[in-house]
Amino acid sequence: MKKNKTWLDEFKLALFLDDIGSFEKLLNRIEYNQSELVQIRALLIEAIKLVKHKKDLQAVEIQKCRRALKYVKS
């Protein structure tokens, strides 16, 4: 029997997968009380920044590899 995923389960999965789209969707449907809302929103915003930063670093590394490969081939 499969249980329904909670908001927190979906957040954890999005964090594990570095899934920015899921973070943004979760941000629009937070299911907690008002006192927790501010904290959750801040966590989501920082998680999105973290994932974008990781992706930017990966793009730089890929570009370095492409340059090195081009140099080796020439």
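When a residue number appears, it is its place in the shown sequence, counting from 1. Quick caveat: nothing in here was measured; it's all calculated off a predicted structure.
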Using distance only, find each side-chain donor-acceptor pair of residues 51-72 under 3.5 Å and give its atom names and separation, not counting sequence neighbours.
{"residue": "E61", "atom": "OE2", "partner": "K64", "partner atom": "NZ", "Å": "3.4"}

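- Taking CG from L15 and CD1 from I48, the interatomic distance works out to 11.0 Å, rounded to the nearest 0.5 Å.
- Applying the side-chain hydrogen bond (donor to acceptor under 3.5 Å, both in side chains) criterion to E24, with sequence neighbours excluded, gives no partner residue.
- Atom-to-atom distance recorded for K12:NZ and L17:CG is 14.0 Å, nearest 0.5 angstrom.
- Every residue two or more places apart in sequence or in another chain was checked for a side-chain hydrogen bond (donor to acceptor under 3.5 Å, both in side chains) with D18, and none qualifies.
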